[in-house]
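Report on one structure; see the data block that follows.
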Amino acid sequence: MLNSEIARMFEDLADRLEISGANPFRIRAYRQAAKTLSEWPESLADIAETAREKLISIPGVGKDLADKIAVIVETNAFQQLEEMRKEVPDGVVEMLRIPGLGPKKVALLFKYLAVGSLSDLKQAVEAGHVAKLKGFGEKTAKSILEGLANLAQSGSRVYLAEAKVEADAIVEALQNVPGVGQVSAAGSLRRRKETVGDLDVLATASNATAAMDTLARHPLVNKVLARGDTKQRVRLKSGLELDLRVVPEESYGAAMQYFTGSKEHNIVIRRRAQERGLKINEYGVFRDEISVAGRTEEDVYATVGLPWIPPELRENRGEIERAEQGKLPQLIELTDIVGDMHMHTTATDGTASIREMAEAAKLRGLQYIAITDHSKRVSMANGLNADRLRQHWKEIEKVRGQVSGIEILKGIECDILEDGTMDLDDAVLAEADWVIAVLHYGLRQPKEQIDLRLLNAVRNPHVSIIGHPTARIIGKRPPVAFSFEALLKAAADYGIMLEINASYMRLDLDDIQAAAARDRGIPIVISTDAHSTQGLDGMQYGIFQARRAGLTRHDVANTLPLQEFQKRIRRA
DNA sequence: GCCGTTTTCGGCCCGACTGTTTTCAGTCG
């Protein structure tokens, strides 16, 4: 049992308790515990089995939750959740995914209109029942319909980070099966798309049965949906579906190429093959039914006159032409990154101290970091006013003397307020080494106002960078309405940087926007926005996005040594 | 449900916005 599974159960219970109107503080306790557990470095299952009493020392876990964790690990079930499931069915919980619908409104819909699913909800809105319900109205009804449409469109895709954890676990399990050779995930996961619809795993094996049996028994697997000689489809407990394909050694490269996609990329590749009198399919490259390649992807690409193309670029967005001209970029790698310029501490909504973050960053090989806690407008995160910020910076200076081998910059993530002013005065911002300007509130303002806010921030001489510029949350909140073109122009004119926020729910800028910024010569900084020491590991998702954008290390400023980096920071 | 040099009860993060109301509940972050 994974920590994340236990966390998900607590989170699920919290949702249902909230709809049923339970004590809000009890609900918060479950959510707090879920968050802590999902980030906990040791396996809870191991702790529960070997040193059960240690569970209670986890912050936010008391006697009650420690017992529950132990029973969950032991029995693989959570009695209380199963009982709540009867009271508040899955379809009701699902309605929480609609923006504007919280637990109270969902409870009203369930209680008075017997709305128990998204399809019930759609019918109830269309029949005009919802708008008449007390506390609802025409506007709410309309926004529910929009939310439903949005949800249907984004479908059931999951974040890359979540899918990757599951895929990695299954790939590893398969690699340990005797008789199994190479194993790898393919598909959109291998292309590092922001979200993944399902998982494709390829394996070479002398014994497909053993591989399939292992998959069927894997703890992450809920149900085997189909099984044949070479292909098995399963549904994971998370809801993701996974295809395992067992292929012969001599077809592995061809199968990887075929199942990695994208479809658009492969169409062009197969057309090139046709022009050369060849046929490419998942088993190999064939001339007159005779196999001429297939063992490796390099061999397959070579038959159509191309070098191997990194999976992140395989979207038919010009990569094939560039490959043909020998102009494929040397894509940035995680090890190129030497600084992390966006992270939080316990001063606001982070879970680790300045010192802990610095030491964790050093452990990850970084040469410098910026501590960038929230400004006061973000009250829910205990944002800093001028006094507290200055005090916080004094703390940073103290830690500088305590942790050697890493530079710590005095930063701030400062809100751009709804009226276009900064949340902190210029006098304070002027004292910072590094100022990230961001939008957190008023995200539904009209385009003109958002443009004004971003432009004001770019023009502010103390602002170093715009963080998560579009403020989107993938699959949950659309980007703000704004002119990206105007932002690019202003950033280039004023010498300001733009962020790729590596948080897997943001990945903001996205790949296409980051490529556009690169084309304007705007320095890009990839930052984790970490709220814990573990959060620093999120850098990889920013790197994936940068690679999809075709960025090299020369396009990304935090690959530079600190002195060089600081020369790139616009000075007031 | 957690927590505790204010410790076994009584707190627990809160300000702004939206759409609904006619003074505010619900949602969001």
Side-chain angles (χ1 to χ4, degrees), chain A residues 6-7 9-11 13-37 55-69 71-72 78 80-81 84 95-111 125 130-147 344 346-351 373-385 388 413 415-419 423 438-446 449 467-468 471-473 476-478 480 501 503 505-506 529 531:
Chain A
I6 300 172
M9 286 179 180
F10 283 177
E11 193 64 46
L13 180 63
D15 281 343
R16 290 174 210 263
L17 285 171
E18 201 165 16
I19 292 168
S20 75
N23 176 353
F25 298 109
R26 190 169 154 233
I27 293 157
R28 185 188 298 173
Y30 276 110
R31 289 201 200 284
Q32 186 55 49
K35 189 162 184 289
T36 308
L37 297 181
L55 287 173
I56 212 163
S57 64
I58 298 172
V61 175
K63 186 178 177 313
D64 188 273
L65 288 186
D67 287 346
K68 287 192 167 110
I69 293 169
V71 174
I72 289 169
F78 188 13
Q80 198 181 356
L81 178 60
M84 276 307 294
M95 290 195 278
L96 291 174
R97 291 169 62 196
I98 294 171
L101 283 191
K104 297 283 165 54
K105 284 202 158 78
V106 165
L108 289 174
L109 289 167
F110 185 45
K111 184 173 174 193
V125 174
V130 171
K132 287 190 206 123
L133 201 59
K134 188 173 162 57
F136 292 66
E138 289 298 339
K139 287 199 177 170
T140 306
K142 186 161 167 279
S143 101
I144 289 173
L145 274 189
E146 288 169 5
H344 298 268
T346 47
T348 59
D349 59 351
T351 60
D373 275 297
H374 287 287
S375 62
K376 64 182 192 295
R377 176 66 167 82
V378 191
S379 55
M380 149 258 189
N382 193 21
L384 303 168
N385 60 23
R388 286 183 58 217
E413 179 181 9
D415 262 61
I416 309 166
L417 300 180
E418 286 89 329
D419 65 0
D423 192 22
V438 294
L439 301 170
H440 279 134
Y441 294 95
L443 301 180
R444 306 216 302 208
Q445 286 181 332
Q449 186 60 20
H468 47 71
R472 71 161 177 171
I473 304 289
K476 295 205 164 71
R477 186 172 71 202
V480 289
N501 189 293
S503 162
M505 291 186 280
R506 289 191 182 269
D529 202 351
H531 285 70

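Here the structure is a predicted model, which is why all the values come from computation and not from measurement. Proteins come first, then strands; the chains are lettered A, B, ... in the order of their sequence lines, and each starts at number 1.
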Measure from [atom1] on [X] to [atom2] on [N] and round the result to the nearest Å.
X      : N      : atom1 : atom2 : result
A:H374 : B:dC13 : NE2   : P     : 16 Å
A:N23  : B:dG10 : CG    : C1'   : 12 Å
A:H344 : B:dC13 : NE2   : P     : 19 Å
A:L55  : B:dG1  : CG    : P     : 16 Å
A:I27  : B:dG1  : CD1   : P     : 11 Å
A:K35  : B:dC2  : NZ    : P     : 18 Å
A:D349 : B:dC13 : CG    : C1'   : 11 Å
A:D15  : B:dG1  : CG    : P     : 16 Å

Self-check item: Letter per nucleotide, 5' to 3', of nucleotides 18-29 of chain B [B base touched, S only sugar-phosphate touched, - untouched; heavy atoms, 4.0 Å]
Solution: -SS-----SSSB
With heavy atoms under 4.0 Å as the rule, sort [X] into base, sugar-phosphate or nothing.
X      : answer
A:K68  : sugar-phosphate
A:N382 : nothing
A:E418 : sugar-phosphate

Atom [atom1], compared across [N] and [M]: separation rounded to whole Å:
N      : M      : atom1 : answer
B:dA16 : B:dT22 : P     : 25 Å
B:dG15 : B:dG10 : C1'   : 24 Å
B:dC17 : B:dG11 : C1'   : 28 Å
B:dT18 : B:dT8  : C1'   : 42 Å
B:dA25 : B:dT21 : C1'   : 9 Å
B:dC28 : B:dT20 : P     : 15 Å
B:dC9  : B:dC14 : P     : 25 Å
B:dT27 : B:dC13 : C1'   : 16 Å

Side-chain polar contacts of residues 22-33 of chain A - donor-acceptor pairs under 3.5 angstrom, sequence neighbours left out - could you list them?
| unit_1 | atom_1 | unit_2 | atom_2 | d |
| --- | --- | --- | --- | --- |
| A:N23 | OD1 | A:F25 | N | 2.8 |
| A:Y30 | OH | A:K68 | NZ | 3.1 |
| A:Y30 | OH | A:Q80 | OE1 | 3.2 |
| A:R31 | NH1 | A:E11 | OE2 | 2.5 |
| A:R31 | NH1 | A:D15 | OD1 | 3.1 |
| A:R31 | NH2 | A:D15 | OD1 | 3.2 |
| A:R31 | NH2 | A:E18 | OE1 | 2.5 |

Report all side-chain donor-acceptor pairs from residues 133-142 of chain A shorter than 3.5 Å, counting only partners two or more places apart or in another chain.
| unit_1 | atom_1 | unit_2 | atom_2 | d |
| --- | --- | --- | --- | --- |
| A:K142 | NZ | A:E146 | OE2 | 3.4 |

Quiz prompt | 5' priority, DNA chain B, between A:V61 and A:R28 [closest heavy atom] | solution =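 Looking at the nearest nucleotide for each, A:V61 comes out on the 5' side.
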So, [X] side chain and [Y] main chain: donor-acceptor pair closer than 3.5 Å or not?
X      : Y      : value
A:Q449 : A:E418 : yes
A:H531 : A:D529 : yes
A:R444 : A:V480 : no

With sequence neighbours left out, write down each residue that passes salt bridge (Lys or Arg N to Asp or Glu O under 4.0 Å) with [X], or none if nothing qualifies.
X      : answer
A:D423 : A:K376
A:K105 : none
A:R506 : none

Quiz item: Which base, if any, makes a Watson-Crick or G-U wobble pair with B:dT8, both distances under 3.5 Å?
Solution: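 With both distances under 3.5 Å required, B:dT8 matches none.
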Self-check item: Closest listed nucleotide, where the reference is the side chain of A:R377 and the choices are B:dC13, B:dA16, B:dG1
Solution: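 So the nucleotide nearest the side chain must be B:dA16.
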Quiz item: Is the shortest side-chain N/O distance from A:K63 to OP1 or OP2 of B:dC3 below 4.0 Å?
Solution: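 Indeed not, no polar side-chain atom of A:K63 lies that close.
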